[in-house]
Structure formats: C-alpha cells, structure tokens
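First up is the structure itself, then whatever we jot down about it.
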Amino acid sequence: MDYAKIASDILENVGGKANVRNVTHCFTRLRFVLKDESKANKEVVEHIEGVISVVEAGGQFQVVCGAKVTKIYDELIKMVDTGEAPADDHQKFDANFVLQKISQIFTPIVPAIAAAGLIKGLLSAAAKLPMFEAFAATDTYTILNTASNIIFYYMPIFLAYTTAKALGCSQVIAMVIGGFLCHPTIDGIVQDVETSSKIFGLPVIKQAFTIGESTRVFSYTESVIPIILAVIVLYFLEKGLKKVIPEILQIILVPGISLIVMVPVALVVVGPVGIYVGFAVQWLYTALYSFSPLLGGIIVGGLWGVCVIFGAHRALLPIGLNDVAITGTNTLMCFAGSANFAQAGAALGVMLKSKDADTKQVAGAATISAFIVGVTEPAIYGCNLRLKTPMVCAVIAGALGGAVMGIGNAVNTGFANNGILTVMSYYGEGTSFSQFLAYLIGISVAFFGAAILTYIVGFAEEAIGEKVSAQPAAAAITETAAAPAVEVTEANADIKLASPVVGKAVSLKETSDEVFASEALGKGIAIIPEKGEVVAPADGTLTVLYPTLHALGFTLDNGAELLIHIGINTVELEGKGFTKFTEQGAKVKKGEKLVSFDIDAIKAAGYDPTVMVLISNTEDFAGVSGVPAAHASLDQDVILIKK
C-alpha cells in the first residue's frame with residue numbers, strides 16, 4: 001500500500017493544503033479542520049484506497065483510516081504546512097466557530113450545575129414535606145444549600161477558567177479577574193449606587209435596573225457575560241504583550257501588566273457592557289416568552305432534542321444561566337425537560353414495541369438514562385434517531401409537554417438538569433404549587449405521549465444497527481470491510497480472547513459511534529466498563545500506545561491484531577484521567593495491567609466511556625464473532641476467532 005499516494009489523494013480531495021487549517025490524528029482517524037468545508041469532496045475521499053469512512057462532526061472533517069492512520073498521517077504532514085500559530089489564530093470566524101467556543105466554555109461546568117440542581121431538588125423536597133419541616137432550620141440544610149449555590153455565586157471564576165482554556169490565554173490570570181469581580185469589597189463598591197467610585201480617575205460604572213415590579217442593582221456575582229468579555233480582551237492583551245516584551249521578562253511582566261490593565265477595563269468598560277448585554281438578552285427572552293408562553297413551550301420542548309443532535313443546545317445554555325443570574329428563575333430548562341422526558345418515552349416505546357432482544361436492551365438502558373438523570377444521548381443516538389419515527393414522536397410529544405408548561409407558567413429557581421432525581425428542584429422557594437404541577441403534567445404528557453405514539457406508529461425494526469452513512473465502494477478497497485462468512489461458536493473457535501475490561505459486553509452495533517457500529521474497522525465487542533482498568537487479553541506485543549492513552553494496538557502471539565479503544569472521541573481529553581503501566585513495544589502477558597482510566601471523569605466531561613475491542617486484521621480469518629455478556633470478567637471469553 002502506497003501511503004504517500006493515499007495521503008496525497010486525501011489532501012487533494014479536502015481542498016488541497018491551502019484549505020487545511022489544522023490536521024491531527026487519533027488512533028483511527030485523520031481529523032482535519034478546514035478553512036472551507038465546501039471544497040472537500042466527501043464522496044471521493046470515501047472511495048480512496050485505505051479510507052474506511054468519512055465523518056463530519058464538531059467542526060472537523062474526519063477521515064477514518066483504521067490501524068494505518070499513523071502511516072498515512074506521517075506522509076500527509078510532510079505535504080501540509082499549517083504554520084506555527086495555534087489553529088484558532090487563523091480560524092474562520094463564523095457560526096460554527098462561535099458554536100464551538102460556546103460549547104468549550106459552558107460544557108465543562110454542566111456537571112457541577114447538574115450536581116447543584118440535584119442537591120437543590122433534595123433540599124426543596126425536604127423543605128416542602130411536613131415530615132422534614134424541622135430539617136430546613138438545621139445547620140446541615142444551610143450548609144448544603146450554600147454548597148448548591150457555589151457554582152452560581154462564583155460563576156465568573158469558573159467561566160474565567162473555561163473561557164481562557166477555550167481561547168488559549170492564561171487560565172490562572174483569568175480566574176484572578178473572575179475572583180476579583182466576586183470579591184465582597186468589589187461587590188460592595190459596585191452595589192453602592194449612591195456613592196461615586198473611581199479607579200485611575202475613571203468612573204466605576206454602577207446601575208440599578210427595574211424588572212417588573214422590582215428593582216435590582218447589578219452585581220458581578222452570578223453574572224455570565226461580563227467575565228467572558230473580559231477574558232476575550234485578556235486574550236488579545238496577552239497576545240500583544242508577548243510580541244513586545246522580551247521572552248526572559250514575560251513570566252513577570254505579561255501577567256503583571258495584564259492585571260493592572262484588566263482591573264479598570266473590567267470595572268469601567270467590559271464589565272458594564274456585559275451587564276447591559278445580559279439584561280438586553282434577558283429582556284428579549286422575556287419579551288418573546290411573554291408574547292406567547294404556549295408558543296415558547298412548543299418550540300423549545302419540540303426542538304431541544306433536535307438541537308442536541310447538532311450540539312447546538314450548548315449555545316442556549318448562556319440564555320438560561322443569564323436568566324437565573326438576573327431574575328433568579330428560568331423557564332428554558334423547564335421546556336428542555338419536556339424534550340428530555342419525551343426522548344425517554346420514545347425509547348420506552350421502542351423497548352415495548354421491538355421484538356429484537358438487542359434493540360430492547362439498548363432502548364431499555366437509554367430509557368433509564370434519560371428518565372432518571374436526564375442524559376438523552378443514548379436514547380437519541382442509540383435508538384430514536386436511528387429508527388427515525390421514534391425521534392419524530394419525541395419531537396411531537398416534547399412540543400405538547402412544553403405547551404402545557406407554558407400555559408401553566410412553569411419555572412425553575414435554579415438551573416437543574418431534567419431527570420426524575422431533580423424534579424423537586426422545580427418546586428423551589430418562590431415557586432407556586434400550580435407552577436410545579438404544570439411542570440409535572442408537562443413531563444408526564446411528554447414521557448407517556450412519546451411512548452404511546454412510538455408504540456402505535458411503530459418503526460422499521462431492521463433500521464437499528466445499520467451504518468448511518470452509506471459507503472458503497474469502500475468495502476472492496478479496505479482491509480477490514482469484507483465480512484467473514486463463517487459463523488464462529490464456542491465449539492469451532494480456534495482462538496478465544498478474554499475481556500480486557502470488566503463490564504457489560506454488548507454488540508458493536510449498539511455503540512453510538514457509526515464507524516465502530518458499522519464494523520468497518522474490524523469485528524469484535526464493546527464493553528461498558530464497570531472498572532477503569534485495561535489488561536492484556538492474551539500474550540503479545542503492545543505495538544501502539546497512543547500518547548493520549550485512549551487507544552492501544554497489539555500484535556498477539558496467536559496472530560490476531562487487536563485494537564482497544566477506550567471511549568468515544570476521548571482523544572479530546574488529551575490524556576486527562578488516563579494512566580499507563582507499560583510502554584509501547586513492551587512484551588505483555590495475559591492479565592497484565594496496561595492502562596487505567598477514570599470512568600466518572602470521562603462521563604463528567606461529556607464522553608461515552610464504552611471500550612471497543614476490535615480485531616483489526618479481521619480479513620485474515622475465516623470468521624470473528626463477539627460474545628455479549630451481562631457481566632464479562634477478565635477470565636470470560638468475549639471474542640471468538642476461526643482461522
């Protein structure tokens with residue numbers, strides 16, 4: 001195989017080197033960031049020798065090449081000059097760029113917000129129930145309530161960190177600016193609207209706003225937009241300072257000058273601008289909501305799940321957070337709850353209607369995830385979107401549930417995720433029982449409506465598990481595409497491989513990644529891990545250990561070439577949460593510990609920790625079969641191979 005020719009063909013059909021802003025690779029994919037995606041010829045790239053599939057996601061043009069990706073990348077990088085500057089310095093400023101940055105800023109804080117919502121829900125339940133009435137007056141209640149407010153009160157500090165990380169400027173200096181805005185002394189100065197304050201002779205801007213029948217003095221605590229604007233200015237300031245200050249002095253002068261400049265800028269310019277923008281956004285959202293709560297509920301409740309598919313729901317989070325910061329309540333998450341429960345209901349309908357055991361299993365697990373904790377991705381990608389009609393049913397039911405909430409003026413006094421565990425957070429202090437009842441009826445309509453609609457309308461059973469994007473010719477030109485004709489069983493298997501991870505073994509077709517699910521990279525098994533450790537499933541050589549530790553390649557002594565891929569898109573974690581216990585090139589024995597990974601950290605970062613175990617040279621054998629198991633131990637065989 002001529003890797004230089006493959007690299008050249010790929011480069012030509014993504015628009016040439018002039019169209020490549022940046023290119024990296026993970027264990028199986030070339031990941032292009034293109035200047036103009038319209039110049040890429042996806043259909044041609046899919047048919048190039050050595051290319052298995054093409055995936056367009058997250059602002060990247062991903063070319064799936066399997067185990068040969070490193071060799072192709074090595075040739076490709078010789079032909080591409082992306083420059084020395086970071087990718088963002090030259091990235092096209094468009095809607096996709098903005099969406100990427102918003103996602104990078106707000107996604108990391110979602111788990112903390114969800115945790116705060118759970119605590120608020122439990123405390124709200126305790127305060128409302130007569131049997132726990134005395135608990136609301138205890139120190140324990142006060143302390144836990146304070147803990148649930150931290151993420152909101154110190155929001156500028158957390159957003160300073162995530163914004164700085166997204167833009168590529170000093171995270172610590174950004175956090176200092178965020179902490180400065182939240183400091184009690186500064187908060188007192190800003191809220192004292194009767195007294196004039198100055199810094200370097202410049203006036204510190206203060207303002208009181210009238211919202212409805214109440215007047216609110218603006219404060220930077222709990223605010224969202226001011227710190228983001230401040231960090232954007234910090235990014236350009238640092239960039240300029242590094243150009244003029246000698247490198248030997250940068251460690252002291254760049255952060256020092258940055259703070260001296262940013263303190264007055266934050267109080268006199270960007271902070272007030274951010275507050276005004278925040279109030280303008282809140283006013284606009286309130287105006288639209290007031291125009292027709294019914295219509296607002298229908299739109300958000302119906303389309304939130306569709307936004308999740310494209311990752312666009314992250315762009316709506318600032319609206320909800322800003323609403324909470326200014327008014328203390330928000331309606332956005334109520335309507336989103338209707339969409340979440342609708343996805344859970346549609347998945348339940350799939351489970352009840354399907355006659356296929358694998359489909360029932362996938363849909364059942366997805367229902368539990370969405371219903372209990374409000375995580376809908378397994379439901380959307382695992383069954384509803386793949387089967388098409390359940391997704392339509394979820395959109396309809398979500399819109400109906402949102403309409404009920406709009407009519408009943410349902411609100412949330414915090415910013416909780418939507419699952420049965422956080423239901424009581426929608427009955428917080430200041431929320432009437434009628435508003436809470438509207439929320440309960442709304443999620444019930446969404447959940448049961450979607451389930452019933454899905455069951456009645458039905459779906460094409462064979463659609464699940466199919467590859468999302470067609471690839472008619474690639475099967476003939478890639479190493480792994482030809483499906484073995486021999487059925488492998490315990491009785492006729494020549495090679496049996498034990499599970500490298502403790503957990504639940506499921507078919508690759510049940511995974512949410514279309515490339516792994518299509519088995520284009522090879523046949524094997526997927527393990528939903530219960531313990532974050534990978535061990536060698538057989539004796540062999542660790543031929544590849546990816547720098548981010550999320551993927552390992554083996555040449556086993558029995559002739560099989562094995563790929564173990566920990567999680568989906570976990571290359572983006574850049575090794576965080578992973579620890580290695582061996583080195584690339586090492587001889588390993590069956591059961592030897594190779595890599596550990598933090599399952600909770602992977603989930604908290606928004607990634608699926610499912611471990612894919614593939615035979616990358618599937619075509620060398622007569623047959624390869626995965627063996628599903630409810631609980632696969634390290635001694636249990638999960639892959640059977642017929643020579």
Side-chain angles (χ1 to χ4, degrees), residues 102 106 113 117 120 124 152 155 207-219 222-226 272-307 312-342 395-418 423 425-446:
I102 290 176
F106 288 96
I113 292 174
K120 283 182 176 292
S124 178
F152 300 106
M155 183 64 73
Q207 183 67 52
F209 290 88
T210 299
I211 304 173
E213 299 179 354
S214 63
T215 299
R216 185 182 178 98
V217 178
F218 84 54
S219 169
E222 301 187 0
S223 64
V224 175
I225 298 176
V273 169
I275 291 292
Y276 283 114
V277 171
F279 272 89
V281 170
Q282 193 275 331
W283 178 85
L284 180 60
Y285 178 76
T286 300
L288 293 173
Y289 175 78
S290 300
F291 173 74
S292 177
L294 171 66
L295 184 60
I298 291 174
I299 293 174
V300 179
L303 297 182
W304 184 271
V306 177
C307 291
H313 65 303
R314 298 296 187 204
L316 301 176
L317 293 181
I319 297 175
L321 286 171
N322 184 69
D323 207 10
V324 172
I326 294 175
T327 67
T329 64
N330 85 88
T331 56
L332 183 71
M333 292 307 292
C334 292
F335 298 150
S338 179
N340 283 12
F341 278 95
V395 169
I396 294 172
L400 292 174
V404 172
M405 293 179 186
I407 294 172
N409 192 31
V411 297
N412 179 17
T413 54
F415 198 84
N417 203 27
N418 287 279
V423 161
S425 68
Y426 290 82
Y427 193 20
E429 185 177 350
T431 304
S432 68
F433 180 73
S434 63
Q435 290 175 310
F436 180 54
L437 186 62
Y439 177 76
L440 292 180
I441 295 175
I443 62 175
S444 298
V445 168

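Keep in mind the model is a prediction, meaning the values are calculated, not measured.
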* **From I441, I443, I298, residue fulfilling side chain to side chain contact (heavy atoms under 4.5 Å, CB included) relative to M405** => I443

* Structure fact -> For A397 and A446, the nearest pair of non-hydrogen atoms, with its separation, is CB-O, 3.4 Å

* **For S223 against S219, the heavy-atom pair lying closest together** => CB-O, 4.0 Å

* To do: Mind listing the closest non-hydrogen atom pair of Y289 and G406 along with its distance?
  => OH-O, 4.2 Å

* Taking the six-membered ring for Trp, are F433 and Y427 parallel (under 30°), tilted (30 to 60°) or perpendicular (over 60°)? -> perpendicular

* Given side chains that start at C-beta, do those of L332 and W304 come closer than 4.5 Å, heavy atoms only? -> yes

* Side chains of V445 and F341 in contact at under 4.5 Å (non-hydrogen atoms) -> no

* **Shortest non-hydrogen separation from G402 to S338 and the atoms involved** => N-OG, 3.0 Å

* **Closest contact, heavy atoms only, V395 versus G302** => CG1-O, 3.3 Å

* Determine the minimum heavy-atom distance between V224 and M155, stating which atoms define it. => CG2-CG, 4.4 Å

* Take F436 and V423 through the side chain to side chain contact (heavy atoms under 4.5 Å, CB included) test and state the conclusion after the steps. => CA-CA 9 Å; F436 180 54; V423 161; 3.9 Å; yes

